[in-house]
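Whatever order the structure lists ligands and atoms in, that order sets their numbers, starting from 1.
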Amino acid sequence: MCGNEQKYINEAFESNWIAPLGPNVDEFEREIAKYVGANEAAAVSSGTAAIHLALSLLDVKKGDKVFCSSLTFVASANPIIYQGAEPVFIDSEPDTWNMSSEALQRAFIESLNEGKLPKAVIVVNLYGQSAKMDEITAICDYYNVPIIEDAAESLGSTYKGKASGTFGKFGIYSFNGNKIITTSGGGMLVSNDVESLRRARFLATQARDPAPHYQHSNIGFNYRMSNILAGIGRAQLEVIEERVAARRRIFDRYYNELSDLPGIYFMPELENTRSNRWLTALIVNEMESGVSVQELLYKLSLEEIEARPVWKPLHLQPVFQGSSYYRHSENENISEYLFEKGMCLPSGSNMTEEQQLRVIKCIKDSIFLRKVNSKGKFNIC
Ligand SMILES: *Cc1c(COP(=O)(O)O)cnc(C)c1O
């Protein structure tokens, strides 16, 4: 928390707006829309709910296909199943770790040949880094299939000067406890299509028809954000730029201290993008470093430092067994490579320099220290 949260919570209590609507909700929506440069925003109970609503608004239903990044948290794809549709997973590419436009193109060509295009494409911006939105948008526009941008991890990031989350028909953000700003739990759906977001609010409040008696012609959801939590969100949004600066500072320190070690390759930041560096992620090439990711995670855990592997690709998840998957190229399976070799370091905005130096020391101690004069670029073997 940053300080002003209590003020907005008190306003909710004093005005007795203890409900999933009220002035904080309205203001939070307006402020987020302004911050990211979208016409409209709808505050909801989670990022997952926002994705679910987006799919619902695009009329995704049983028998439909939805393309989705494979290297992501399971919440990106679960709502596809809620709608009874079928996920098709798309590999990453090395420059951003996000959706490969090559794999996406092949998936489109095949589905066109099968006579069934997807209803939507869910593009994830992993750990704060935007996907290559120009390339992805060009392909989706060509096939006339809408994009849902899963920007749950990338609030505060930009791609070519424009806010991450504003490139698709819909964008979603998450305010879960672990995200760059939080409402303890919550999410936001954004779009330039004001009419669609009006409908999103309607669906999110049990799809109640405009009648004095309780009448329903559609199946809705109970997905609106509490006015108390929206108050927390308003205060958090005031410090988003500080949070991004803090996370980027943490990344820079890791980078300065560790990038010369053999076999350590940090997640790149694509030219003309700004990543919020939600989590500092890197690859460990065991052949060069002398230690595997698993060993490194273990060494860190002995020091009571919590680090994690990168997301397990969804096409490898037991729950999605049998789903289609399109890899980057015939010989390159980038998401599986990243899963095998990648890890995320502790990156909390409130991490102190001392804490970070402890992580750095542990990694340095663990790695076979040998001087390398020249290192190749990020290299997929
Ligand atoms: C956190 C997250 C979500 C889900 O957000 P919730 O608010 O936790 O429902 C979706 N996608 C990605 C990539 C996430 O990291």
Side-chain angles (χ1 to χ4, degrees), residues 20 28-29 32 41-56 66-83 87 89-92 96-99 120-131 133 136 147-157 159 164-165 167-168 170-190 200 204 221-226 229-230 232-233 236-237 243 247 267 275-281 308-315 317 319-320 335 338-339 342 344 347-348:
F28 189 38
E29 289 178 340
I32 286 277
V44 292
S45 52
S46 69
T48 312
I51 299 171
H52 193 191
L53 286 168
L55 291 173
S56 217
V66 175
F67 292 175
C68 181
S69 304
S70 188
L71 191 65
T72 181
F73 180 48
V74 71
S76 302
N78 276 346
I80 301 170
I81 308 294
Y82 301 165
Q83 290 299 95
F89 294 112
I90 312 290
D91 197 6
S92 300
T96 62
W97 298 18
N98 286 311
M99 188 178 277
V121 177
I122 300 175
V123 183
V124 179
N125 303 310
L126 208 64
Y127 304 133
Q129 169 61 55
S130 293
M133 292 313 294
I136 290 168
I147 292 172
I148 299 168
E149 210 187 342
D150 180 347
E153 302 175 2
S154 62
L155 184 65
S157 301
Y159 176 92
S164 180
F167 288 83
F170 297 105
I172 76 97
Y173 302 104
S174 166
F175 310 113
N176 193 29
N178 61 342
K179 298 303 197 293
I180 195 149
I181 61 168
T182 185
T183 58
S184 77
M188 194 72 77
L189 180 65
V190 299
F221 312 100
N222 183 6
Y223 274 171
R224 288 290 269 160
M225 181 185 278
S226 146
L229 301 186
I232 299 177
Q236 290 269 298
L237 187 60
R243 292 286 162 88
R247 301 260 174 166
M267 183 181 190
S275 170
N276 67 12
R277 295 291 188 190
W278 175 55
L279 296 184
T280 292
R308 299 264 179 96
V310 304
W311 300 123
K312 179 171 184 169
L314 298 187
H315 72 275
Q317 297 287 356
V319 74
F320 292 124
S335 68
L338 292 168
F339 174 55
C344 300
S347 311

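Of all protein heavy atoms, the one lying nearest to atom 15 (O) of ligand 1 is Glu153 OE2, 2.6 Å. Scanning the protein heavy atoms around atom 1 (C) of ligand 1, the nearest turns out to be Lys179 NZ, 1.7 Å. Of the protein's non-hydrogen atoms, Asp150 OD2, 2.8 Å is the one closest to atom 11 (N) of ligand 1. Here the heavy atom of the protein found nearest to atom 9 (O) of ligand 1 is Thr48 OG1, 2.5 Å. Given atom 5 (O) of ligand 1, the protein heavy atom at minimum distance is Ser174 OG, 3.2 Å.
Under a 4.0 Å heavy-atom criterion, Gly185 is not in contact with ligand 1. A heavy-atom separation below 4.0 Å is found between Ser76 and ligand 1.
In the vicinity of Thr72, heavy-atom distances shorter than 4.0 Å reach the ligand 1 atoms 13 (C). Atoms of ligand 1 lying under 4.0 Å from any heavy atom of Ala75, numbered from 1 in the order shown and given with element: 3 (C), 4 (C), 10 (C). Counting the atoms of ligand 1 from 1 in the order shown, those under 4.0 Å from a heavy atom of Gly186 are 7 (O).
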Start with the C-alpha distance between Ser154 and Ser164, add both sets of side-chain angles, then the distance that settles side chain to side chain donor-acceptor pair (under 3.5 Å), and finish with yes or no. CA-CA 6 Å; Ser154 62; Ser164 180; 2.7 Å; yes
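In this comparison of Ala77, Gly47, Ser45, the heavy atom closest to atom 6 (P) of ligand 1 sits on Gly47.
Here Ala152 has side-chain heavy atoms under 4.0 Å from ligand 1, and that is the only part of it that gets that close.
A distance below 6.0 Å separates the ring centres of Phe175 and Phe28.
Residues Asn98 and Val123 have side chains not in contact (no heavy-atom distance under 4.5 Å, counting atoms from C-beta outward).
Between Tyr159 and Phe167, the ring-plane angle classifies as perpendicular under the 30° and 60° cut-offs.
Ion pairing between a basic and an acidic side chain is recognised when a charged N comes within 4.0 Å of a carboxylate O; Arg247 and Glu153 show no such pairing.
Going from atom OG of Ser157 over to atom OH of Tyr127 covers 14.0 Å, rounded to the nearest 0.5 Å.
With hydrogens and angles ignored, the 3.5 Å screen pairs a side-chain donor or acceptor of Ser69 with a backbone N or O of Val124.
For the residue pair Glu149 / Asn125, a side-chain donor-acceptor distance below 3.5 Å is found, with atom types taken as modelled.
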